[in-house]
Amino acid sequence: MPNFIMSYLNSKDAITPGAAGSQFWALVYVFIIFAGVSVAVMAMNWLERKALAHFQIRLGPMRVGPHGLLQPIADAIKLMLKEDIIPAEADQFVFWVAPLIGLLAAFTVYTVIPFGPSQAVSDMNIGILFMLGVSSLGVLGIVVAGWASNSHYPLIGALRSSAQMVSYEVAMGLAVVSAILMTSLNATGTGTLSMIGIVQAQQQQGVWFIFKFFPLGLIAFGIFAIAMIAETNRAPFDMAEAESELTAGYHTEYSGLRWSLFMLAEYAAMIAVSSIAVALWLGGWMRPFPNLLNAPAWDFIFSLFPALTFFGLAAIAIVGVVRMPAHSFFKIQRIGLAAFAAVLGFIALLLLVIAVAGRSADASVAASPAAKFSEGIDYVYWFVFKVAVFMYLFIWYRATWPRYRFDQLMKIGWKVMLPISLVVLIATAIVGVLVS
Amino acid sequence: MVPITTFHYLVVAAALFVLGVIGVLTRRNVVIVLMSIELILNAVNLNLVAFSRMWGNLHGQVFSIFVTVDAAAEAAVGLGILIAFFRNKETINVDEIDLLKW
Amino acid sequence: MNPALNSGLNSAVNAGMAPVATPWFFYVLAGLAVVSGLLVITRRNAVHSALALIVTLLAVTGLYLMLYAPFVAAVQIFVYAGGIMLLFLFVIMLVNIERSSKDRQFNRMWPVGLAAACALLVLFVSAFVKGKALFPDRMISLPESSNTQQIAGMLYGEAGKMGEYTFAFEIASLLLLVAILGAVIMTKKKI
Amino acid sequence: MNDSTHDASSRALSNLDLETPEKPYLDSNELIINMGPQHPATHGVLRVILKLDGEKVLGTECVIGYLHRGVEKIAENRTYTMFNPYVDRMDYVAAVSNGLGYCEAVEKLMNVEAPARAKYIRVILTELNRIASHQLWLGTHALDIGAMTPLFYTFRDREEILKIFEKYCGARLTTHAFRIGGCQYETYAGFEKEVKNFLTFVAPKIDEYEELLTTNRIWIARTKNVGVISAADAIALGVTGPVLRASGVKWDLRKAQPYAAYSEFDFDIPTGTNGDTYDRYLVRMAEMRQSLRIIEQAVNRIPEGPIMAKVPKIIKPPVGEIYHSIEAPKGELGYFIVSDGSTQPYRLRVRPPSFVNLQALDTMVRGLLVADVVAVIGTIDIVLGEVDR
């Protein structure tokens with residue numbers, strides 16, 4: 001094996017490829033994350049349609065593949081094959097570049113998302129600032145798209161979303177600062193802005209920041225959780241694309257591939273902000289109770305969770321196979337779903353083998369690649385699990401709530417969220433000084 | 001390849017600075033004039049950060065943060081004036097803004 | 001400098017960061033900054049100018065990162081690209097640029113302005129040529145991992161002491177407050 | 001922005017009253033946008049030209065007629081019997097009410113009265129249709145305000161009503177359920193039982209809708225004090241139906257000028273106090289419950305007997321004119337018929353509730369935001385088929 005591949009793998013410390021200066025592995029991670037996020041967006045698309053449909057006593061996609069599992073792929077193909085329309089009066093270049101801005105901003109953020117202590121592209125010293133800054137660039141894409149369309153509804157949508165994002169960024173930033181303040185409650189008294197450092201601070205202090213200084217951490221988290229819905233333009237704050245008011249808001253004039261880029265950016269941004277929330281308040285990659293239940297036996301039990309999850313998914317798929325009507329029309333679908341269940345079961349078995357091999361009590365195993373790999377899977381699993389909960393919440397909100405009006409949204413942002421986040425920030429600082 | 005030294009950064013900063021000055025002195029559109037000023041401030045910031053690297057202390061970086069603060073204040077007030085002016089005269093050309101009092 | 005922060009990671013950072021900052025990065029970023037800076041001052045359409053300026057700002061951010069100034073880079077992205085440029089775009093949308101982009105783009109005194117700028121350029125060039133010896137060719141490696149803490153120490157003070165720039169920093173916040181009020185008063189229709 | 005594209009609408013804007021209390025400071029900030037005729041929230045092909053200052057509405061101008069089919073003119077060229085199905089196509093979500101109004105108007109002109117059993121069947125179907133109409137209104141109105149889910153709940157339950165219609169007369173939407181002089185069809189076997197089942201089925205469902213919306217903070221924020229119209233204004237504009245009652249006027253033609261068999265039933269007229277969108281919502285929800293009460297009484301007491309009065313094969317009303325109005329789900333639905341003694345009406349004029357209520361839109365939305373325009377269009381509950389006829 002060439003040295004530039006093995007040197008990173010053999011390194012003793014658990015560090016990110018970016019920090020190790022290993023461009024090759026950084027690139028590999030980037031590709032893995034890019035592919036993973038794209039797949040996650042597709043899955044999210046399917047899940048949103050399915051979950052929303054079941055909230056609304058419908059079935060959702062059922063035709064393309066068993067239970068519509070292939071629907072996102074069909075949609076992607078359809079969108080790619082659609083005619084690419086640029087309105088004659090639009091600003092051609094800006095119209096062309098606008099979706100790319102949003103997409104780039106949404107995907108650049110992923111370089112610092114800590115899927116694990118070494119499972120990130122880079123551990124930036126200014127990680128959280130970088131994340132907030134870059135994700136705030138995404139709004140430029142929306143604004144520019146609204147302007148370039150040269151049409152009234154997109155323009156109003158763009159103005160709305162820029163005002164909305166700027167307002168909610170303030171409360172969001174203050175909530176983040178109160179979490180960062182909590183990282184400084186250690187022996188040295190210095191905090192950190194690095195995403196990995198923030199999670200490690202939670203590990204050292206033995207508490208997720210959501211429960212720290214109860215209820216201060218919880219309130220800060222709540223503010224962030226509200227602001228992040230507004231930041232990603234999701235219901236009930238989906239002012240910028242309010243369908244019933246502005247037809248489709250900033251992407252009214254977009255179609256085909258360009259439109260799908262906007263969707264991709266929106267979902268990628270949703271996952272990104274959820275990751276920030278998870279890393280800052282919900283203990284990032286840590287499994288539940290890493291400090292309380294720290295016996296090797298508990299380690300082993302928790303390391304079975306990824307396998308169990310996949311077994312569960314496979315079981316659901318098998319139930320789907322069994323319950324499928326016994327008509328010849330469904331034959332192919334049934335075979336497909338059975339194959340899908342088999343794939344899930346295989347992945348589960350693989351995970352089980354890795355967990356058992358990596359987490360045996362034998363001390364000699366502890367430093368082996370299997371142990372490292374198994375740990376890595378655990379970290380990524382718990383991180384993704386927590387993010388998935390947020391994704392489900394996004395869908396749930398959308399199914400439940402009506403939409404706020406624009407002035408009410410601004411009022412909440414400036415007159416409720418901002419003062420509360422300021423008070424929480426000051427209170428966190430005072431309590432932190434008193435405690436230390 | 002020549003290693004990159006402070007001098008290289010200074011050349012880039014000088015180029016940006018001159019571009020900004022040209023923009024301020026020749027353009028009519030106030031928005032672009034304001035943007036040119038941002039260009040100038042960025043050139044200054046780049047100089048400051050490069051010098052900070054050269055001397056090995058952080059004063060330059062701190063100073064560049066102050067410059068950024070100034071840029072934000074300038075942009076806010078400048079654009080505010082621009083909007084107020086546009087309301088009254090419906091123009092954003094600097095050479096038509098020649099009355100001290102409206 | 002805090003010794004606790006240098007544990008483990010720091011050695012790897014200093015060892016590993018060097019190859020990333022190759023001259024190629026510098027030339028690409030510098031070229032991007034200058035070309036898009038040129039676009040800023042030559043485009044008819046203000047939105048195009050603004051987009052070009054965003055590219056310039058991001059390129060300069062890259063240069064900051066090459067200079068091991070991550071905090072300044074973050075501030076640049078956050079404040080400039082995310083905040084100020086959004087403000088610019090917002091204002092451009094509010095004012096009618098349709099007409100002004102069809103107008104004459106340069107004022108009548110543009111030859112004078114250009115001459116003055118060229119004089120400035122000549123000044124710069126001569127200063128650089130004459131004074132090149134004055135600039136030491138050294139690049140002192142700043143500890144990147146504690147950059148933010150050190151800047152914070154200078155701005156807010158450390159260990160109970162006032163920082164060097166604490167007072168100036170407070171004044172700067174006052175400046176921002178005044179600017180906010182000014183902007184609001186200027187743009188509000190009825191106060 | 002490029003305003004030259006809106007030259008076409010400047011003619012329509014010339015009669016747009018722009019004398020607003022606060023004179024806009026900056027003309028160039030004014031935006032004229034065209035909402036519709038193809039817009040998801042205009043409930044069909046209504047076109048509203050909005051003059052905006054930022055997002056604030058300075059004035060509106062409704063442009064209607066995109067669905068005009070000349071129903072009134074068609075009436076002059078059809079016999080009375082032939083015209084009967086046409087009225088279903090006006091307010092297609094409350095087709096039964098339209099038919100009832102028309103049949104009763106012609107009956108009144110001919111001095112015929114439908115038999116008691118027919119009257120009861122008419123009441124049951126009309127009230128079922130009122131519930132269906134309100135359900136559809138609720139779903140679309142909630143969707144306009146951004147709540148997606150109630151739409152599907154209401155459509156699920158509306159389906160049960162449509163099933164009853166289908167079983168009774170073979171059609172679900174444009175039912176053509178009644179004939180001049182009574183009803184064409186006898187109720188099918190098990191009609192009463194199915195209607196009673198429906199009553200027990202739908203009452204908890206209405207609670208379910210209310211659970212989602214009535215105490216929802218966002219729903220209240222979006223509807224309270226939005227689109228307020230005072231009782232005086234409402235009366236002056238000729239507004240009727242739930243919109244009028246939400247302003248506090250207790251005016252319901254079922255009580256005020258009882259028709260069909262309504263005088264025999266016991267029910268309340270729900271009214272609001274503020275005349276805002278939230279009150280209109282509450283009034284309609286209460287009305288659904290009152291309709292359930294009426295249906296229950298009617299089903300329990302439905303008399304036996306003939307369902308058709310003695311009406312000649314060829315309907316030739318005597319020379320004269322008649323105005324008869326009923327309380328349709330959306331307000332007062334009136335038919336004015338002038339007969340010259342022939343088999344066809346000399347002139348037939350419909351007073352559609354949606355059309356008259358739509359006039360109040362401008363009064364309601366002045367000074368509100370774009371999002372409120374959507375909410376107010378929804379709360380007026382218009383059906384463009386009826387507005388344009």
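Naming convention: chains lettered A, B, ... in sequence-line order (proteins, then strands); numbering from 1 in each chain.
- Between the Arg27(B) side chain and the Ile41(C) main chain, a donor and an acceptor come within less than 3.5 Å of each other.
- The shortest distance between side-chain heavy atoms of Gln150(C) and Gln61(B) does not fall below 4.5 Å.
- Contact annotation for Phe90(C): neither backbone nor side-chain heavy atoms come within less than 4.5 Å of a heavy atom of chain B.
- In this structure, the portions of Ala72(B) lying under 4.5 Å from any heavy atom of chain C include both its backbone and its side chain.
- Minimum heavy-atom separation, Ile22(B) to Ala117(C): CG1-CB, 3.2 Å.
- Residue-environment remark: OH (Tyr165(C)) exceeds the threshold of 12 foreign heavy atoms within 6.0 Å.
- In this structure, chain B has a heavy atom under 4.5 Å from the side chain of Leu155(C), while its backbone stays farther away.
- In this structure the side chain of Ile65(B) reaches within 4.5 angstrom of the side chain of Ile151(C), judged on heavy atoms.
- Chain C forms more heavy-atom pairs under 4.5 Å with one residue of Val18(B), Val21(B), Val11(B) than with any other, namely Val18(B).
- Minimum heavy-atom separation, Ala30(C) to Val12(B): CB-CG2, 3.5 Å.
- Comparing Thr26(B), Leu25(B), Leu82(B) by heavy-atom pairs within less than 4.5 Å of chain C, the highest count is held by Thr26(B).
- When heavy atoms are compared at a cutoff of 4.5 Å, Leu46(B) approaches chain C by way of both its backbone and its side chain.
- If you measure heavy-atom distances from Val40(C) to chain B, the contacts under 4.5 Å come from both the backbone and the side chain.
- Pairs engaging residues 73-83 of chain C under the side chain to side chain donor-acceptor pair (under 3.5 Å) rule: Glu38(B)-Tyr80(C), Asn42(B)-Gln76(C) [sequence neighbours left out].
- Contact annotation for Val34(C): both backbone and side-chain heavy atoms come within less than 4.5 Å of a heavy atom of chain B.
- Of the atoms belonging to Leu53(C), it is side-chain heavy atoms, and not backbone ones, that fall under 4.5 Å from chain B.
- Listed here is the closest heavy atom pair of Asn29(B) and Ala46(C): ND2-CB, 4.2 Å.
- For Ser36(C), the side chain to side chain donor-acceptor pair (under 3.5 Å) test picks out Thr56(C), with sequence neighbours left out.
- For Ser173(C), no part lies near chain B; criterion is any non-hydrogen pair under 4.5 Å.
- Counting all heavy atoms, side chain and backbone alike, Ala183(C) lies closest to Ala76(B) at CB-O, 3.7 Å.
- Ranked by non-hydrogen atom pairs under 4.5 Å with chain B, the options Phe71(C), Trp110(C), Phe124(C) are led by Phe124(C).
- When heavy atoms are compared at a cutoff of 4.5 Å, Leu63(C) approaches chain B by way of both its backbone and its side chain.
- Highest contact tally toward chain B, considering only Val125(C), Val75(C), Val112(C), Leu176(C), is held by Leu176(C) [criterion: heavy-atom pairs under 4.5 Å].
- By the 4.5 Å heavy-atom criterion applied to side chains, Leu120(C) and Phe17(B) are counted as neighbours.
- When each of Gly60(B), Ala71(B), Gly20(B) is scored by its heavy-atom pairs under 4.5 Å with chain C, the top score falls to Ala71(B).
- Ranking Val77(B), Asn45(B), Leu34(B) against chain C, the residue ahead of the rest is Asn45(B), based on heavy-atom pairs under 4.5 Å.
- Chain C forms more heavy-atom pairs under 4.5 Å with one residue of Val49(B), Asp70(B), Val31(B), Val24(B) than with any other, namely Val49(B).
- Among Ala116(C), Cys118(C), Ala168(C), Gly31(C), the residue making the largest number of heavy-atom pairs under 4.5 Å with chain B is Ala168(C).
- Side-chain contact between Val72(C) and Thr68(B) is absent, with no heavy atoms from C-beta onward closer than 4.5 Å.
- You'll find the side chain of Met35(B) reaches within 4.5 Å of the side chain of Ile92(C), heavy atoms only.
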